[in-house]
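Atoms within each ligand, like the ligands themselves, are counted from 1 in listed order.
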Amino acid sequence: MSDSTAYDFIVVGAGSAGAVVASRLSESGLYRVLLLEAGTKGSNHFWARVPVGTSKMIDDPAVNWCYKSEPDEGSGGRRIDVPRGKMMGGSSSINGMVYMRGQAQDYDHWAQLGNRGWSYQDVLPIFQRMERYEGGSDKFRGRNGLLRVNDTPRNKVPLLEKIIEAAGGIGLPFNSDQNGETQEGIGMSQVTISGGKRQSSAVCYLDPARDRKNLVIEQGAMAETLILEGKRCVGVRYSVGGVRREARASREVIVSGGSINSPKLLELSGIGQSELLRSVGITPVHELRGVGENLRDHYSPRLKFAIAARNMTFNDNARGWRLAREAVKYALFGTGFLASTAVPVRMYFRTREGLETPDATISILPFLYEMVGRQRRIAKRQGITMNANVLRSESTGSIHIKSSDPAVPPAIHFNFLSTEHDRAGIVAVIRKGRELMATSPLKEITGEEIAPGAKLQSDAELLEWVRNNAETTYHPVGTCKMGSDPLAVVDRELRVHGIEGLRVADASIMPTLTSGNTNAPAIMIGEKCAEMVLASAAARKAAA
Ligand SMILES: Cc1cc2nc3c(=O)[nH]c(=O)nc-3n(C[C@H](O)[C@H](O)[C@H](O)COP(=O)(O)OP(=O)(O)OC[C@H]3O[C@@H](n4cnc5c(N)ncnc54)[C@H](O)[C@@H]3O)c2cc1C
């Protein structure tokens, strides 16, 4: 069965960026917008609202694509989990809710690569416009946007105070706004949580837009290929519950499927490396060598330390009467650890002299967790976990389709630790984590180093441990990168090179990693894309 309907714009994917694009394009009422989302769950899904739900959704195929990487040398031959949100709000509905823009230099670097309009000075007003945040300075922060951002309350929790004091002891003073003038130091995480509830892009951008007559949202709608007429994109073929449909866009299609699924959709549609497409039985339509290349992510070992004092960590709060007390606190006031990100404090620092800005981060989880089958559970033992990573890793990998069947997951090759910069950086970050734990007043309560374990000391031993144990921090970017070099997929207005009527807007367009988490940048990319699409539609209208 086929149902062909005409829209002005079709947006594929209701994730961090796509939800924003669809919301903004439909805001004026001038354009008919179709938003296709493969996931079936909405923003009211219980675990997507309760902040602690991240751990429940990280391997739940009902809301997550649950991809895995291909084994490679950098991961000691392991397959690494690549969770990606598959629901309204995409990964912003399952993520750790940390809100981090990155550094001014990240965007200046994008502009220096030839992407005019993407310098920090250019994107700062967009960040300010999109957020609703009370702290920091007006020079850097926004007060009236749609995205509610808050500080994790400091609340004088004894363990967190000790961590903050110890960080001061190693030269990392408290920074009350790591999204402000400087990122450096230790700070409470800013989070997309408000009133004890997650603030995904679906909650903040789509829920208020639901009643718009010109915005049609189809959930459970999996885009399978783009409809191309010559070198122009005119629509999307998709399936809903096994039923094939197609929709036409008279103006543009915007692909916002995320860093794994956007290049996959382009390849399924015949856009990419011709020989690779032919090898899986797809007739190439447009040669674009960069599709699926330039995959970057934050490779992150988890350091674990026992805490030899009682009632300090979430481990104690997560059982017995304390858990019951937390549940009541959450139900009545929307506070407590059930309402918190797992990562309340973060350090940004330089691993060596001569650097202008931080090149590394450690996110501190005030608890230990363990794997029970595929489920992460809070451990009985008290301790601290540190997610440690280099901020702008240089190793690049790829993601490519293995079959012309849209249901077959793509091959994801990270190729981690393939540059000396990344190898030296990660060893330095581990040493910094150890230094923190060996500094007063933390050292007085620090017990055993559980991972990597005090026995491992040389660079080679630590690297071997990283290869065999690290995970990612779930920040894949770069697979449809913006630029004008031979591997660029989109131009600085996010238009796919060589194809009319088609843009990509999501984390895949980042030429390099931002210095931190990627949700805020992805939302900014959605805002900027919508702005550019509306400007060009208005210009065309005026010219007609
Ligand atoms: C477990 C986890 C924790 C994270 N923690 C943080 C954090 O604390 N802070 C932070 O800043 N970042 C975090 N991130 C990363 C951040 O959330 C992502 O970088 C960001 O959400 C990416 O946005 P996006 O728009 O590129 O893609 P997504 O938000 O992933 O959106 C893509 C959407 O497109 C849909 N889609 C894909 N293909 C199709 C198709 N063919 N047809 C229809 N729909 C399709 C998907 O279902 C999805 O809804 C985390 C990510 C994960 C997975």
Exercise for review: Please check if the distance between the ring centroids of F140 and Y120 is under 6.0 Å.
Suggested key: no
Please check whether [X] reaches ligand 1 - meaning an N/O of the residue sits under 3.5 Å from an N/O of the ligand, judged on distance alone.
{"X": "M100", "answer": "no"}
{"X": "V98", "answer": "yes"}
{"X": "T54", "answer": "no"}
{"X": "A507", "answer": "yes"}
{"X": "S508", "answer": "no"}
{"X": "R84", "answer": "no"}
{"X": "M222", "answer": "no"}
{"X": "K86", "answer": "no"}
{"X": "A223", "answer": "yes"}
{"X": "T473", "answer": "no"}

Check your understanding: Got more than 12 heavy atoms from elsewhere within 6.0 Å of CD, E181?
Key -> no
Check your understanding: Would the number of heavy atoms belonging to other residues, nucleotides or ligands and lying under 6.0 Å from NZ of K41 be above 12?
Key -> no
Check your understanding: Does P476 have a heavy atom less than 4.0 Å from any atom of ligand 1?
Key -> no
Practice item. Check if Y99 has a non-hydrogen atom at a distance under 4.0 Å from any atom of ligand 1. Key: no
Study note, to complete from the structure: The side-chain contact (heavy atoms from CB on, under 4.5 Å) partner of I525 among T518, V20, I509 is I509
Exercise for review: Please confirm whether the backbone N or O of G478 pairs with a side-chain atom of S508, one donor and one acceptor, at under 3.5 Å?
Suggested key: no
Mark up the atoms of ligand 1 that fall under 4.0 Å of a heavy atom belonging to [X], in ascending order.
{"X": "G85", "value": "46 (C), 47 (O), 48 (C), 49 (O)"}
{"X": "S256", "value": "32 (C), 33 (C), 34 (O)"}
{"X": "P83", "value": "53 (C)"}
{"X": "T518", "value": "10 (C), 11 (O), 12 (N), 15 (C), 16 (C), 18 (C), 19 (O)"}
{"X": "A17", "value": "25 (O)"}
{"X": "S92", "value": "21 (O)"}
{"X": "G258", "value": "26 (O), 27 (O), 32 (C)"}
{"X": "W65", "value": "36 (N), 37 (C), 38 (N), 46 (C), 47 (O)"}

Regarding [X] and [Y], is there a side-chain donor-to-acceptor distance under 3.5 Å anywhere?
{"X": "R198", "Y": "T54", "answer": "yes"}
{"X": "N517", "Y": "R346", "answer": "yes"}
{"X": "D422", "Y": "S395", "answer": "yes"}
{"X": "E131", "Y": "N179", "answer": "no"}

Tell me which part of [X] gets within contact of ligand 1: side chain, backbone, both or neither, using heavy atoms under 4.0 Å.
{"X": "S201", "answer": "neither"}
{"X": "A522", "answer": "side chain"}
{"X": "K264", "answer": "neither"}
{"X": "M57", "answer": "neither"}

Tell me the protein heavy atom at minimum distance from [atom], and give that distance in Å.
{"atom": "atom 5 (N) of ligand 1", "answer": "G96 N, 2.9 Å"}
{"atom": "atom 2 (C) of ligand 1", "answer": "Y474 CD1, 3.5 Å"}
{"atom": "atom 31 (O) of ligand 1", "answer": "G15 CA, 3.2 Å"}
{"atom": "atom 50 (C) of ligand 1", "answer": "N95 CB, 3.3 Å"}
{"atom": "atom 44 (N) of ligand 1", "answer": "A38 N, 3.0 Å"}
{"atom": "atom 30 (O) of ligand 1", "answer": "S91 OG, 2.8 Å"}
{"atom": "atom 20 (C) of ligand 1", "answer": "S16 OG, 3.4 Å"}
{"atom": "atom 35 (C) of ligand 1", "answer": "E37 OE1, 3.3 Å"}

Practice item. May I have the step-by-step check of side-chain contact (heavy atoms from CB on, under 4.5 Å) for T396 and L295, ending in yes or no? Key: CA-CA 5 Å; T396 59; L295 172 63; over 6 Å; no
Revision key, fill the gap. Rounded to the nearest 0.5 Å, the CG atom of D506 sits from the CD1 atom of I254 at a distance of 11.5 Å
Practice item. Measure from NZ or CZ of K304 to the centre of the six-membered ring of Y369, then state whether that distance is under 6.0 Å and the direction lies within 45° of the axis. Key: yes
Practice item. Taking all heavy atoms of I282 and all of G270, pick out the closest pair and write down the distance. Key: CG2-CA, 3.9 Å
**Study point:** Test applied, side-chain hydrogen bond (donor to acceptor under 3.5 Å, both in side chains); reference residue, Q183; option that passes from Q178, Q103, R101
**Key:** Q103
Practice item. Have a look at S201 and tell me which of S16, S92, S93 forms a side-chain hydrogen bond (donor to acceptor under 3.5 Å, both in side chains) with it. Key: S92
Review point. Is the H298 ring parallel, tilted or perpendicular to the H475 ring (thresholds 30°, 60°)?
Key: perpendicular
**Study point:** F367 and F314 aromatic ring geometry - parallel, tilted or perpendicular at 30°/60° bounds
**Key:** parallel
Check your understanding: What do the steps show when you test E134 against R148 for salt bridge (charged side-chain N to carboxylate O under 4.0 Å, His left out), and what is the final call?
Key -> CA-CA 10 Å; E134 284 181 3; R148 286 173 285 271; over 6 Å; no
Practice item. Measure the shortest side-chain to side-chain distance between Y238 and E224 over non-hydrogen atoms and say whether it is less than 4.5 angstrom. Key: no
Revision key, fill the gap. Heavy-atom proximity to atom 37 (C) of ligand 1, picking from V504, L36, N261, points to N261
